[in-house]
Amino acid sequence: MMADHGNPCMAEEATYCMNGGTCYKIASMNTLSCVCNENYKGSRCEHFQLFTFSPNSDEAGEIAAVVIVILLILVMLAVIIYYVCKMLKAKKQSQQNTQQEYWKVNSRA
C-alpha cells in the first residue's frame with residue numbers, strides 16, 4: 001500500500017488511467033486516482049505535456065511582453081510623427097496662401 005495514493009486498483013479498474021498511468025483507489029473518498037508517467041498530466045493522465053527547451057518558462061513570457069510593448073510604442077510614435085508632419089505641411093501651405101494673397105495685385109478694371 002502506498003500511503004500517498006491509497007490501494008492499487010483492482011483488475012477491472014486498472015484501465016481507468018490512460019497512457020500507462022498507475023491507478024490507485026482512495027478508500028476514504030471512494031474514488032480512483034492516477035499517478036502519471038513522465039510527460040503526462042491530468043486527472044487520468046490524458047494530457048501529453050510538451051517538452052520545453054527554455055530553462056525558465058517565465059523568461060519567454062517576459063520577452064514576449066517586452067516585444068509587444070516595444071511594438072506598441074513604435075506604432076504610437078509613428079502615428080505622432082504622421083500627425084506632426086501633417087500639421088506642419090498644412091501650416092506651411094497656409095503661409096504660402098497668405099503670402100500669395102498679400103502680393104496679389106488687383107487689376108484696375
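Along the sequence shown, residues carry numbers from 1.
Of all heavy-atom pairs between Cys23 and Glu13, the closest is SG-O, 3.6 Å. Taking every heavy atom of both residues into account, His47 and Gly42 meet most closely at CD2-CA, 4.1 Å. Across Asn19 and Asn37, no two heavy atoms sit closer than the pair O-ND2, 3.2 Å.
The side chain to side chain contact (heavy atoms under 4.5 Å, CB included) test applied to Glu46 returns Met18, Ser43, Arg44, not counting sequence neighbours. By the ring-ring contact (aromatic ring centres under 6.0 Å, His included) test, Tyr40 is found to be paired with Phe48, residues two or more places apart in sequence or in another chain being considered. In terms of the side chain to side chain contact (heavy atoms under 4.5 Å, CB included) criterion, residue partners of Val84 (sequence neighbours excluded) are, by chain and number, Ile80, Leu88. Met87 is linked by a side chain to side chain contact (heavy atoms under 4.5 Å, CB included) to nothing, counting only residues two or more places apart in sequence or in another chain. Applying the side chain to side chain contact (heavy atoms under 4.5 Å, CB included) criterion to Met29, with sequence neighbours excluded, gives Ile26, Thr31.
Judged by distance alone, the side chain of Asn39 and the main-chain N or O of Gln49 form no donor-acceptor pair under 3.5 Å. In terms of modelled atom types and a separation under 3.5 Å, the side chain of Asn7 and the main chain of Lys25 share no donor-acceptor contact.
For Glu12, the CD atom is densely surrounded, since the number of other residues' heavy atoms within 6.0 Å is greater than 12.
Leu74 and Val66 fall within the same hydrophobic cluster, defined by Ile, Leu, Val, Met, Phe, Trp and Tyr side-chain heavy atoms under 4.5 Å apart, directly or through other members.
Residues Tyr24 and Cys34 form no side-chain contact, since every pair of their non-hydrogen atoms from C-beta on lies 4.5 Å or further apart.
In the hydrophobic clustering, where aliphatic and aromatic side chains (Ile, Leu, Val, Met, Phe, Trp, Tyr) are joined below 4.5 Å either directly or transitively, Leu32 groups with Tyr16.
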